[in-house]
Amino acid sequence: MNSENAKNKEVHNFIEQIILEDIRSHKNEGRVQTRFPPEPNGYLHIGHAKSIFLNFGVAEKFGGNCNLRFDDTNPEKEDVEYVDSIKEDIRWLGFDWGNREFYASDYFDQLFEFAVKLIQKGKAYVEELSSDEIAAAKGTPTKPGKESPYRSRPIEENLKLFKLMKEGEFEEGKKVLRAKIDMASPNMHMRDPVIYRIKKVPHHRTGNKWNIYPMYDFAHGQSDAIEQITHSLCTLEFESHRPLYNWLIEYLEIFPSRQIEFARLNLTYTVLSKRNLLELVKGGYVNGWDDPRMPTISGLRRRGYTPASIRNFADRIGVARRDGMIDVALLEFSVREDLNKTANRIMGILDPVKVVITNYPEEGEEWLDAINNPEDEAAGSRKMPFSREVYIERSDFMVDPPRKFFRLGPGREVRLKHAYIIACEDYNTDAATGEITEIYCTYDPDTKSGADITGKKVKGTLSWVSVRHALPVTVRLYDKLFHKEDPLALQKDDDFKNYVNPDSLKTIQSVVELSVQDAKPGERFQFLRQGYFCVDPDSSAGNLIFNRTATLRDTGSKKHG
RNA sequence: UGUCCCGUAGUGUAACUGGCAACACGUCUGAUUUUGGUUCAGAAGAGUCCAGGUUCGAGCCCUGGCGGGACAACCA
């Protein structure tokens, strides 16, 4: 095979290979049907995005469909608030599930009938042992369990009792329905798993209709069957459930969906489990589920990430069965890659210091052409006001700069982007703090951008904002939420929250050029030489708030000051 | 002490039914540049956990180790 063929050849992950093989062998008439099955008990995060892109992506790729199905079998923890946010997030990621929006709770009647069928087959029984007693009799992974004294109850009695459970005759915890499988199985999930429990809790969709609710193992696979899901993709921790999943297909005689597990996403400097994320929210470590430091979809959106950048990220990380940890740098690369092509450039000075151009007319003012995006000609250009006093970045000036510092210092020359070359003549410092208060420069009128007749070359180009026209804004500088690469790799008694980065958010007052004064929440920009920023919804008419999405890649400035 | 899964450059993923290990990120050079961004050119970096076996040939197959992970919620 030559290199061109190799290039054109599409690479399929192991799941796609299975599906391809199923299509080839005409399994399920070649039909591909997947589903994304969130439990509405929390917000979606980047790990779910991996699953969404996998499930919807694979359906799209092979001419199938992907259902959105809420796994809402535990009314204690679930709420419509989450249903709404989940739908919003999936839509934002770019997927449309049409009318294929389902709920496990829609199948409760059917699920109940499945349970009855299992009882009738002698494959389920009503248990009266307490939760603790059941656990105690279950054995351990290395020791077999003991059979319950209620295990051999007659079918009719099981049927009667189960119906009474449904009718609310018993208190919570008094009885459960268990599948009758094998208490000695090396697989704990096969040791007579509980499949229905009593919960006298109103459900966000079925209200007070039910006193009993099915467990995950008796709802998920059955919902898959009802929806004729061909490939049921889930994460590795469900692997040991698969024998039970298949056992129920056999005894319920339902559509044989195939469960396939893949490794969940782990990211460096990040936690990705609803439980941990909830702790961060509840403990006030962040300002809610959509805090831009959160790896939630809503957090990433607010941070300024684009759906395309997340999709590219998902494509790059691939899908496999081995556990790993992805470097967040890859996620950052993915946003920069996208924003570099799409975000308009503006001047934003994070930490301003004033430069006075002493030979520029006091009241002088001119509007200079500034290209919006060198990567996208269609983005056009704008006019920027220039005047005698401009702000530059404080870090762009050094009194005694090292050799490779390409910016401003006494006696040095730099170009102000889109404007003139200036030369530093003098500066003032605050007597008390030694901080630079003002820098004095002269400009060369013959070096105007686009009309430079001197041919002069300088090593540095600075961003700037005219003092008189500057727009004060608030900027939130975000950094990693944790300073530990794997916050969950802990000694006992340690807590991942001890590794929250105290500098993950710095709020500062900055200035930006006038042209963005009408920017709307969600709009993204590149502050030239600084990074990508996104207007936060907290912004008000008089005060724009920018969230830093990511810094620009920086290959040198740190080394040289 | 059980069962199952996994083990390829620093990280992640590839390598069609066995045919001399590839791509991306990261790292490092150099060029270009009115963003120390982008782009372009290039480099270093694994001999595929180990040991046997089958084979003309093994990252792919077999056996045995070693290492990592999962599993004992009336959670999903």
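Throughout, a chain's letter reflects where its sequence line sits, starting with A, and its residues are numbered from 1. What's counted below: heavy atoms across the whole structure, side chains too, no hydrogens, waters or symmetry copies.
For B/rG2 and B/rC25, the C1' atoms lie 40 Å apart once the distance is rounded to whole Å. Between the C1' atoms of B/rU3 and B/rA72, the separation comes to 13 Å (whole Å). Here the separation of B/rC50 from B/rC66, taken at their C1' atoms, is 7 Å to the nearest Å. Rounded to whole Å, the separation between the P atoms of B/rA9 and B/rC60 comes to 14 Å.
Looking at the side chain of A/Arg321, the nearest of the listed nucleotides B/rC74, B/rC6, B/rU35 is B/rC6. Across B/rG26, B/rA73, B/rC74, the shortest atom-to-atom separation from the side chain of A/Arg197 is found for B/rC74.
Note on A/Lys199: a side-chain N or O is less than 4.0 Å away from OP1 or OP2 of B/rC75. At least one side-chain nitrogen or oxygen of A/Ser131 sits closer than 4.0 Å to the OP1 or OP2 atom of B/rC74. Contact annotation: A/Thr73 reaches the phosphate of B/rA76 (side-chain N/O to OP1 or OP2, under 4.0 Å). Between A/Gln17 and the phosphate of B/rA14, there is no side-chain N or O to OP1/OP2 separation shorter than 4.0 Å. Between A/Arg529 and B/rG36, a side-chain N or O to OP1/OP2 separation shorter than 4.0 Å is present.
No N or O donor and acceptor, one from the side chain of A/Thr461 and one from the base of B/rU35, sit under 3.5 Å apart. A donor and an acceptor atom never sit less than 3.5 Å apart when one is taken from the side chain of A/Gln530 and the other from the base of B/rU35. Checked by distance alone, A/His12 brings no side-chain donor or acceptor within 3.5 Å of a matching partner on the base of B/rA14. The base of B/rG36 is paired with the side chain of A/Arg407 by a donor and an acceptor separated by under 3.5 Å. A donor and an acceptor atom sit less than 3.5 Å apart, one in the side chain of A/Arg322 and one in the base of B/rU8. With hydrogens and angles ignored, a donor-acceptor pair closer than 3.5 Å exists between the side chain of A/Glu375 and the base of B/rG37.
Residue-level contact check: A/Pro374 touches the bases, meaning some heavy atom is under 4.0 Å from a base atom. Backbone-only engagement by A/Val319 is indicated by non-hydrogen atom pairs under 4.0 Å involving sugar-phosphate atoms exclusively. At the heavy-atom level, A/Asp323 lies under 4.0 Å from the strands shown only through sugar-phosphate atoms. In this structure, A/Gly324 reaches the sugar-phosphate backbone alone: every heavy-atom distance under 4.0 Å involves primed, P, OP1 or OP2 atoms, never a base. Base contact: A/Val176 has a heavy atom under 4.0 Å from a base atom. Residue contacts for A/Leu129: at a heavy-atom cut-off of 4.0 Å it reaches a base atom on one of the strands shown. Using a 4.0 Å heavy-atom distance criterion, A/Gly450 is classed as a base contact. At the heavy-atom level, A/Leu236 lies nowhere under 4.0 Å from the strands shown. Within 4.0 Å of A/His189, counting heavy atoms only, lie sugar-phosphate atoms of the nucleic acid but no base atom. No contact: A/Arg336 has no heavy atom under 4.0 Å from any strand.
The nearest heavy atom of RNA chain B to A/Arg553 and to A/Glu128 marks one nucleotide each, and the one closer to the 5' end goes with A/Arg553. Closest-nucleotide positions on RNA chain B for A/Arg415 and A/Ser240 were compared, and the one nearer the 5' end corresponds to A/Arg415.
Partner A/Glu393 forms a side-chain hydrogen bond (donor to acceptor under 3.5 Å, both in side chains) with one of A/Gln530, A/Arg529, A/Arg407 and no other, that one being A/Gln530. Among A/Leu265, A/Leu331, A/Thr270, the single residue meeting the side chain to side chain contact (heavy atoms under 4.5 Å, CB included) criterion with A/Ile326 is A/Leu265.
Minimum interatomic distance between A/Glu337 and A/Arg316 (heavy atoms only, all atoms of both residues): OE1-NH2, 2.6 Å. Taking both residues in full, the closest heavy atoms of A/Ser449 and A/Arg415 are given as OG-NH1, 3.3 Å, listed atom of the first, atom of the second, then distance.
Look at B/rU1: it lacks any Watson-Crick or wobble partner with both distances under 3.5 angstrom. Across the strands present, B/rU54 finds no partner; the criterion is a Watson-Crick or G-U wobble pair with both atom distances under 3.5 angstrom. Pairing for B/rC60 is absent, judged as Watson-Crick or G-U wobble with the two contacts each under 3.5 Å. Pair assignment for B/rG42: B/rC28, on the basis of Watson-Crick or G-U wobble contacts that are both within less than 3.5 Å. B/rU33: no Watson-Crick or G-U partner with both key distances under 3.5 Å is found in any strand. When both distances must be under 3.5 Å, the Watson-Crick or G-U wobble mate of B/rG47 does not exist.
In this structure, A/Tyr213 has its ring center no closer than 6.0 Å to that of A/Tyr196. Aromatic ring centres of A/Phe108 and A/His203 lie closer together than 6.0 Å.
By the 4.0 Å N-to-carboxylate-O rule, A/Glu413 lies too far from A/Lys459 to be salt-bridged with it. With salt bridges taken as basic N to acidic carboxylate O contacts below 4.0 Å, none links A/Asp323 and A/Arg264.
With its glycosidic angle more than 90° from 0, B/rG68 is assigned anti.
If you measure from atom CG of A/Leu44 to atom P of B/rA76, you get 18 Å, rounded to the nearest angstrom. Atom pair A/Met325:CE and B/rG7:C1' shows a separation of 16 Å (rounding to whole Å applied).
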